[in-house]
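First the structure, in the form of structure tokens, and then the observations on it.
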Amino acid sequence: MSTLIANGTVVTADLTYKADVLIEDGQIIAIGHGLKGDEVLDATGCYVMPGGIDPHTHLEMPFMGTYSADDFDSGTRAALAGGTTMVVDFALPAPGQGLLDALKMWDNKSTRAHCDYSFHMAVTWWGEQVFDEMQAVTERGINTFKHFMAYKGALMVNDDELFASFRRCADLGAIPMVHAENGDVVAELSARLLAEGNTGPEAHAYSRPPQVEGEATNRAIMIADMAGVPLYVVHTSCEDSHEAIRRARMAGKRVWGEPLIQHLTLDEGEYFNADWDHAARRVMSPPFRDKRHQDSLWAGLSSGSLSVVATDHCAFTTAQKRFGVGNFTQIPNGTGGLEDRLPMLWTAGVNTGRITMNEFVAVTSTNIAKILNIYPKKGAVLVGADADLVVWDPAAEKTITAARQQSAIDYNVFEGKRVKGLPRFTLSRGHVAVTEGRMSSVEGHGKFVARPPMGPVSKALSAWKDLTAPRPVQRSGIPASGV
Ligand code: DUC
Ligand code: ZN
Ligand code: ZN
Ligand code: ZN
């Protein structure tokens, strides 16, 4: 059975044009005029775009003594409801646990996915087993390894471990990713704030100022440069980190920055709300920043120094957030955003003229498909590409509310926000999963997407050539006698 998306305007990262799109067996088989399909979806007044790809989610993840509340069922339903057709989740080994062991857990959880998905692998400790298993992981089509520079005593790895792992990534054609915050300073500031009696959620923001993110971003870029490998910096939240990324890119280094929709649209004022629950629900790392940092992130999207808008979707219920009453360091870190990323970015970005429609497609889908080496299977409207599509109605409006969301949690950090621009249809490999908010997605429909290694181009860093060139050795200062 074929499906025709009729009377719409195709919008990709580089083109806008009127055409119908014909789909069969989960793929786009024709784009043009005068096409016929068994089933017809009316896209009059709509844009036909590649479905969103969210490269940063934490579904059903064991973290801070609990599990994130959205799993591959509710999480991927939320994704589709908001026009996102693929998620990339982080397989997270507990310190000491093997990578392949963790991967098995993620394989089991992800059988419930309603949309396609892939994984990044986290490197949360270092040893021979990790070194060895990194190769097997890449052979499974997972070519991105995430490192936490914060969460001291839990997930954090030190600089020697980062360097060893980054060099291993270089050998495997894989890309290292970092959560960039100086974990030692965060731990120290947190302890001091608590000792001074600052126990509330606002102290979370004080414990993780922009400086700790900027320092760690600079350090990670240097370590990647010495290892001769590109670097992907997750959740770039502030000018300090953005500036480091901008400077590296200007110097010819292959470094990408990923702002989150939350940091683009919500600010640190949320932590000063008199309602403890309101503030705690917004505790995430890095925390929300002030307007100056938001402006920097928007400038990065329009100028191209920042490449991808993600969510870091890591949702906890109010009951889970209350684990941290009386001690902000025990509030599970994380916020949701899977269902709201596209409508919020369209409303705050395209409707205001801050980014174009084509830039919207680039930062929500195409850029990350290229970085993750799955383009044009994903992130494209082309014959032969997967029919992961969103038919976007720029005139449709709603007010975001937890009462009508797919996510399993009992609130929404965007509650009350008015958005204009919503999916009319979302298609997952040709299957109509959403029609104007009504769900027809299928549990288990989502398939794992393997990602081949990047190849030698991944080593194109500025310093790499210098570091691998033969270097002169100065021996004349050594006494001949050896004494
Ligand atoms: N930050 C969060 O807020 N949650 C999950 C992990 C992270 O780095
Ligand atoms: Zn993180
Ligand atoms: Zn994360
Ligand atoms: Zn179907």
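Predicted model, so just to flag it, every value in this text is computed and none were measured. Every number for a ligand or one of its atoms is a count from 1 in the order of the listing.
With a 4.0 Å heavy-atom cut-off, ligand 1 is reached by the side chain of D312 but not by its N, CA, C or O. Contacts with ligand 1 closer than 4.0 Å are made by heavy atoms of both the backbone and the side chain of M284.
Look at R140 and E133 and you find no salt bridge, because none of the NZ, NE, NH1 or NH2 atoms lies under 4.0 Å from a carboxylate O. The pair D73-R77 counts as a salt bridge, with a side-chain nitrogen and a carboxylate oxygen less than 4.0 angstrom apart. Salt-bridge annotation for D116 and K447: absent, with no side-chain N of the basic residue lying under 4.0 Å from a carboxylate O of the acidic one. For K109 and D71, the salt-bridge test fails: no basic side-chain N is under 4.0 Å from an acidic carboxylate O.
From the protein, the heavy atom lying nearest to atom 7 (C) of ligand 1 is Y151 OH, 3.3 Å. Taking atom 1 (N) of ligand 1 as the reference point, the nearest protein heavy-atom neighbour is S285 O, 2.9 Å. Protein heavy atom nearest atom 4 (N) of ligand 1, with residue, atom name and distance: N333 O, 2.9 Å.
In terms of polar-atom proximity, defined here as any N/O pair under 3.5 Å, H58 makes no such contact with ligand 1.
In this structure the side chain of F131 reaches within 4.5 angstrom of the side chain of W126, judged on heavy atoms.
Taking the Zn ion (ligand 3) as reference, the nearest N/O/S atom within H58 carries the name NE2.
Short contacts between ligand 1 and H235, defined as distances under 4.0 Å to a heavy atom of the residue, involve ligand atoms 8 (O).
No more than 12 heavy atoms of other residues, nucleotides or ligands sit less than 6.0 Å from atom CD of E188.
Centred on the Zn ion (ligand 3), the angle running from H56 (NE2) to D312 (OD1) is recorded as 80°, rounding to 10°.
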